[in-house]
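Atoms within a ligand are numbered from 1 in the order they appear, just like the ligands themselves.
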Amino acid sequence: MNNNPIGVFDSGIGGTSIWREINMLLPHENTIYLADSANAPYGLKGKEAIRQLSIKNTEYLINQDCKLIVVACNTATTNAISLLRKNYQIPFIGIEPAIKPAALNSKTKAVGILATKGTLSSELFHTTTTLYAHGLTVIEQVGEGLVELIEMGNINSQEIKTLLKGYIKPMLDADIDYLVLGCTHYPYLMPLLLELLPKNVKIIDSGEAVARQTKAVLEKNNLLNTSFLKAKNQFFTNGNPNILKNILNNDFEVTYLDF
Ligand code: DGL
């Protein structure tokens, strides 16, 4: 079991931002990445549809003998992870907008959250926000259109820049000093965000924390890979393999899979 792969899924290519962190921290772990790009964006779907797609991805990864699954998608985590944990035996790691560190460290007492509609409207997000955001102004913003453009491979386009500018404007007007990235596609917008945000605004994403949590859960369950062979990293997509390949800097083979 220890040498079995870690499964990672997302609605598309964005979860590779999480996969990178995991691969950096756990280079000996074998991995299988599943990009459900044909069904992206999840963020505009209802809870039930997001749950069904998450079940489909999970079953594919379990059939490939994955020992643990990372739900590298805030939308799928906030809508479906409790159900997945209930239905399947293996450990699941999820990702949620990191509102807690932003709330604890904000000096201006205003933080911005950029996420999908599906995440911002989820129960889990509301519970976390209510818990940590006392006395804080939280500017929630749906990143409408961003996932679609990233999925098309348009990471540096003028269109994305214009959308982002509009999305962060109300946040800057509210004097935020933290911007929480609540979607695993958004770390790829970091260069644009750094260009658009004033220096005092810090950007938080949860990728590194997810990798640390993955390691901790593998350790706790005695599931760390014991082999020192070069890891096998497999990538599958039901979308355009070249776009996934590109975001991985052409370092890996990507296989098209009709799932
Ligand atoms: N990467 C997904 C997330 O973290 C994007 C969701 C979508 O497909 O809308 O939420």
Side-chain angles (χ1 to χ4, degrees), residues 7-22 33-58 61 69-84 92-99 112-126 128-129 140-155 160 163-164 167 179-190 193 203-211 213-214 235-240 243-244 246-248 259:
V8 181
F9 80 79
D10 179 37
S11 62
I13 63 174
T16 52
S17 63
I18 307 301
W19 175 88
R20 278 173 201 282
E21 299 287 349
I22 294 169
Y33 183 91
L34 196 61
D36 191 15
S37 291
N39 291 300
Y42 282 13
L44 292 177
K45 298 186 194 300
K47 186 177 179 139
E48 199 38 48
I50 297 169
R51 287 183 155 193
Q52 288 313 318
L53 292 168
S54 301
I55 286 173
K56 178 196 67 157
N57 299 334
T58 296
L61 292 170
I69 291 179
V70 178
V71 182
C73 174
N74 291 260
T75 313
T77 299
T78 50
N79 287 279
I81 202 161
S82 57
L83 180 75
L84 298 177
F92 285 88
I93 310 291
I95 180 162
E96 291 178 62
I99 181 127
I113 300 185
L114 189 61
T116 68
K117 186 164 170 262
T119 294
L120 294 176
S121 62
S122 70
E123 241 174 83
L124 189 57
F125 175 75
H126 279 287
T128 316
T129 313
E140 297 174 16
Q141 175 66 53
V142 174
E144 216 178 311
L146 295 177
V147 167
E148 290 90 325
L149 288 167
I150 297 169
E151 283 292 316
M152 285 160 70
N154 291 341
I155 286 170
I160 288 210
L163 283 178
L164 274 180
Y167 294 158
L179 169 63
V180 177
L181 301 185
C183 171
T184 56
H185 282 67
Y186 300 165
Y188 287 111
L189 303 179
M190 203 62 104
L193 284 166
I203 304 172
I204 303 198
D205 87 272
S206 328
E208 224 182 293
V210 170
Q213 177 67 3
T214 303
F235 294 87
F236 297 101
T237 179
N238 53 11
N240 181 342
I243 293 181
L244 179 54
N246 256 337
I247 209 129
L248 295 163
F259 66 97

Test of understanding: with salt bridge (charged side-chain N to carboxylate O under 4.0 Å, His left out), list the residues that count as partners of Asp205, not counting sequence neighbours.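 Counting only residues at least two positions away or on another chain, Asp205 forms no salt bridge (charged side-chain N to carboxylate O under 4.0 Å, His left out).
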Looking only at heavy atoms, is any part of [X] under 4.0 Å from ligand 1, and if so is it the side chain, the backbone, or both, or is it neither?
| X | result |
| --- | --- |
| Ser11 | side chain |
| Asp10 | side chain |
| Thr116 | side chain |

Check: Glu48 and Arg51 side chains under 4.5 Å, non-hydrogen atoms: yes
State which residue, out of Ile203, Val142, Leu146, fulfils the side-chain contact (heavy atoms from CB on, under 4.5 Å) condition with Leu114.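 Single pass found, and it is Leu146.
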Can you tell me how far the CD1 atom of Ile247 sits from the CD1 atom of Ile243, to the nearest 0.5 Å?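 With rounding to 0.5 Å, CD1 (Ile247) is 9.0 Å from CD1 (Ile243).
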Is there at least one pair of N or O atoms, one from Thr75 and one from ligand 1, spaced under 3.5 Å apart? yes
Tell me whether Gly43 has any N or O atom under 3.5 angstrom from an N or O of ligand 1. yes
Ligand-side contact atoms (ligand 1) for residue partner His185, heavy atom cut-off under 4.0 Å: 1 (N), 2 (C), 5 (C)
If we number the atoms of ligand 1 from 1 as shown, the ones under 4.0 Å from a heavy atom of Pro41 are 7 (C), 8 (O), 9 (O)
Heavy-atom contact check, 4.0 Å cutoff: does Gly12 meet ligand 1? no
Nearest protein heavy atom to atom 7 (C) of ligand 1, by residue and atom, and its distance? Tyr42 N, 3.1 Å
With a 3.5 Å cut-off and sequence neighbours excluded, list the donor-acceptor pairs that the side chains of residues 7-17 form with protein atoms.
| residue | atom | partner | partner atom | Å |
| --- | --- | --- | --- | --- |
| Asp10 | OD2 | Gly12 | N | 3.3 |
| Asp10 | OD2 | Gly14 | N | 3.2 |
| Asp10 | OD2 | Gly15 | N | 2.9 |
| Thr16 | OG1 | Ile13 | O | 2.5 |
| Thr16 | OG1 | Tyr188 | OH | 2.7 |
| Ser17 | OG | Gly14 | O | 2.9 |
| Ser17 | OG | Thr184 | O | 2.8 |

Between Tyr42 and Asp36, is any side-chain donor less than 3.5 angstrom from a side-chain acceptor?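 Yes - a donor-acceptor pair under 3.5 Å links their side chains.
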Ignoring hydrogens and angles, state whether a donor on the side chain of Thr77 or Glu96 is under 3.5 Å from an acceptor on the partner side chain.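 Side-chain D/A pair, Thr77 to Glu96: absent.
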